[in-house]
**Student:** 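Structure in structure tokens, see below.
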Amino acid sequence: MNRLGPISFRTAIVFCLASILPPVLSSADDRRVEEALPAESNGNVGRPNVLFLISDDLNCRLGCYGDPHVQTPNLDRLAARGVRFENAYCQFPLCGPSRNSMLCGLYPDSTGILANAQIFRQTIPHHQSLPHAFRLNGYFAARIGKLYHYNVPRSVGTNGHDDPASWEMEINPMGCDRSIEEPDIFSLRKGSFGGTLSWYASPRSDELHTDAMLAEEADWVLERCARRNDRPFFLAVGFYRPHTPYVAPKKYFESYDLEDMPIVDDVEEDLADVPAAGLLSQKAEQSLLTDRLSREAIQAYYASITFMDAQVGKVLDALDHHGLADNTIIVFTSDHGYHLGAKGLWQKMSLFEESARVPLIIADPKTSNAGETAITPVGLIDLYPTLADLCGVKTPAGLQGQSLRPILSDVDEPGRGFTISQVTRKTKGQKSRFFGYTIRTPRYRLTLWDEGQAGVELYDHEADPLEKHNLAFDGDQADSMTRDREVLDVIAELSKTLRDEISRGIPETGRPEVSGKGWVIDLTNP
């Protein structure tokens, strides 16, 4: 097969895989491999597999979430066979902290990971991650692409900031989007791609791009997993799109009319009641965005979503083709949401709905409520206890999420009834950082900046789903705090719940400190 850049490590990992899955060898070799394999364990027979799919920097602008623009036919059909969570949220709207929290089942205050380029082994080295726990309970655990943090695009094709104990096998393809096309990518900051708005309509076909390679590798792994029914699998596939740079084959760009791209035009009015801390995720180069460039950026983001969706479709087809769908739980989510101009913000690191909210679909073939929607707020922190519960996997003590199993059985179950998210902030000239925390209930979002000293936000999602009216703000007062007694009572009640949950997430010894400096894995410039 013709590939660009380094191969996806198939040759190297065949020998790893041979100890757990029968390879394509001679009959004599087959016999030797089979003799080396452990005897069938009755404890594993019939245990469900897990296919864990995660996108990067994906918000809820999807067809199955009611978006009128974005074309996501494969995610739409996945939602039709599972439960879609309308109000799911990350715990920290930044890749590294969010992914470590999700895969550890702990709040970021407990993992100690509050920035990128770090891994929980630097803070809580003895903790069992989600895939680690599955490995210890007899599962074959494999990763294809990005699950923990990567410097995208620089670390594409490597293990990134990964945890070796989490996986028996890692596969790291690198396609033309990383190995060839970077000189052609437009960026608001020349030569900067990963953290800057940047995009490119590629003239090359799907199969040459990294995300398509991930889907191909998933097919390869699933084909071999299908040969074994005595050892279940936990296969995680981490797609890179739509993370910047928004690179996808040109045909996906052409499916969106540039003039139809929805740009925001009421920014100034929308900012009048927002505390300064709530807007500190803005980047200087974003001031260069004209209406034309804004439309191009949105078009490229949508094109990247639809390209990623096509690769999800290939993985779902492979699962069906290999006869694994009837005993495989499928999860699809993102590490956090994404701003596309609302409140003048782009990308991530805010505590508004667009940045904190994520898509979440869980399809369990053993439940009977396919196509239904759960409204109660949940968090990515809930995935670890949920999957362990569904699969009978033992977990370490102290996980801080809830099992969503009751909600999967009955979407009207309220569960915990709220979820919280956080970020760090540091203003110019300030020596120490402060925190922002937000709590989302079925009706409200309350955000406290520096325990309320740097600002308070309250939004009523029943009346104001776009979060345009901060009920905590009163322009008649110097301190901008409302005098409305009913609103103050809501703020007081939610503040107590939020502070109680924050306290539950901070260990008695304080937030763990990161040992060692962050690092960047770069395949082409080591």
Side-chain angles (χ1 to χ4, degrees), residues 1-8 55-58 70-71 95 145-146 150-158 160 172-217 238-261 263 283-311 338 340-341 346-348 520-526:
M1 178 175 294
N2 180 26
R3 290 180 182 262
L4 299 175
I7 64 171
S8 60
S55 182
D56 202 356
D57 285 15
L58 176 66
V70 184
Q71 303 158 27
C95 297
K146 177 179 177 178
Y150 273 65
N151 284 87
V152 177
R154 289 175 63 188
S155 296
V156 171
T158 77
N172 304 297
M174 180 177 74
C176 62
D177 44 301
R178 173 67 179 106
S179 62
I180 290 178
E181 297 181 335
E182 287 183 9
D184 301 316
I185 296 173
F186 168 82
S187 177
L188 291 182
R189 291 174 56 204
K190 187 175 177 58
S192 176
F193 307 121
T196 305
L197 293 178
S198 48
W199 56 89
Y200 178 58
S202 170
R204 297 172 179 86
S205 56
D206 285 29
E207 67 272 12
L208 300 180
H209 289 256
T210 304
D211 274 6
M213 291 180 174
L214 300 181
E216 180 190 358
E217 300 291 8
F239 296 104
Y240 292 98
R241 299 282 80 89
H243 193 292
T244 53
Y246 314 136
V247 177
K250 187 177 180 181
K251 66 181 181 180
Y252 295 99
F253 283 71
E254 292 172 343
S255 64
Y256 294 99
D257 189 326
L258 188 64
E259 297 307 314
D260 290 339
M261 295 301 95
I263 61 172
K283 296 181 178 181
E285 70 270 10
Q286 292 166 4
S287 64
L288 301 175
L289 286 168
T290 61
D291 283 357
R292 171 77 182 190
L293 286 175
S294 294
R295 287 192 173 91
E296 288 185 11
I298 295 170
Q299 179 194 44
Y301 184 78
Y302 287 0
S304 296
I305 292 175
T306 302
F307 169 61
M308 179 274 301
D309 176 84
Q311 312 321 310
Y338 208 74
L340 294 173
W346 292 79
Q347 300 179 272
K348 46 210 171 189
V520 174
I521 308 298
D522 188 334
L523 186 66
T524 59
N525 185 26

**Student:** Where is the tightest heavy-atom contact between Ser287 and Ala284, given as atom of each residue plus distance?
**Tutor:** OG-O, 2.8 Å
**Student:** Rounded to the nearest 0.5 Å, what's the gap from CZ on Arg189 to OG on Ser198? Could you check?
**Tutor:** 10.5 Å
**Student:** Where the side chain of Gln71 meets the backbone of Ser255, is there a donor-acceptor pair that is under 3.5 Å apart?
**Tutor:** yes
**Student:** Begin with the C-alpha distance, continue with both residues' side-chain angles, and end with the deciding distance and a verdict on side-chain contact (heavy atoms from CB on, under 4.5 Å) for Ile180 and Arg204.
**Tutor:** CA-CA 10 Å; Ile180 290 178; Arg204 297 172 179 86; 3.6 Å; yes
**Student:** Out of curiosity, Ser202 OG to Phe253 CZ, how far, rounded to the nearest 0.5 Å?
**Tutor:** 8.5 Å
**Student:** Below 30° counts as parallel, above 60° as perpendicular, anything between as tilted: where do the rings of Trp199 and Tyr246 land?
**Tutor:** parallel
**Student:** Given side chains that start at C-beta, do those of Phe186 and Leu293 come closer than 4.5 Å, heavy atoms only?
**Tutor:** yes
**Student:** Rounded to the nearest 0.5 Å, what separates atom NZ in Lys146 from atom CG in Asp56?
**Tutor:** 3.5 Å
**Student:** With heavy-atom distances below 4.5 Å as the criterion, would you say the side chains of His209 and Val247 are in contact?
**Tutor:** yes
**Student:** Taking the side chain from Ser187 and the backbone from Ser192, do they hold a donor-acceptor pair closer than 3.5 Å?
**Tutor:** yes
**Student:** Is there a side-chain contact between Thr306 and Tyr256 (heavy atoms, below 4.5 Å)?
**Tutor:** yes
**Student:** Do the rings of Tyr150 and Tyr240 sit parallel, tilted or perpendicular, given the 30° and 60° boundaries?
**Tutor:** perpendicular
**Student:** To the nearest 0.5 Å, what is the distance between CG on Asp257 and CZ on Arg295?
**Tutor:** 10.0 Å
**Student:** First locate atom OG1 of Thr196, then atom CD of Gln347, and finally report the distance between them rounded to the nearest 0.5 Å.
**Tutor:** 7.0 Å
**Student:** How about Phe307 and Pro249: do any of their side-chain heavy atoms sit closer than 4.5 Å?
**Tutor:** yes
**Student:** Heavy atoms, side chains only, cut-off 4.5 Å: are Trp346 and Leu289 in contact?
**Tutor:** yes
**Student:** Keeping the roles fixed (side chain from Arg178, backbone from Pro153), state whether a donor-acceptor pair exists under 3.5 Å.
**Tutor:** yes
**Student:** Would you name the heavy atoms of Tyr301 and Leu340 that are closest together and state the gap between them?
**Tutor:** CD2-CD1, 3.7 Å
**Student:** How about Leu197 and Glu285: do any of their side-chain heavy atoms sit closer than 4.5 Å?
**Tutor:** no
**Student:** What distance separates Gln299 CD from Leu258 CG, expressed to the nearest 0.5 Å?
**Tutor:** 5.0 Å
**Student:** Between Thr210 and Pro173, which heavy-atom pair has the shortest distance, and what is it?
**Tutor:** CG2-O, 3.6 Å
**Student:** Closest heavy-atom contact between Gly194 and His243?
**Tutor:** O-CE1, 3.0 Å
**Student:** Would you say that Pro242 contacts Ser55 through its side chain, given a criterion of any heavy-atom pair below 4.5 Å between the two side chains?
**Tutor:** yes
**Student:** Side-chain contact, heavy-atom cut-off 4.5 Å: Asp177 with Phe193?
**Tutor:** no
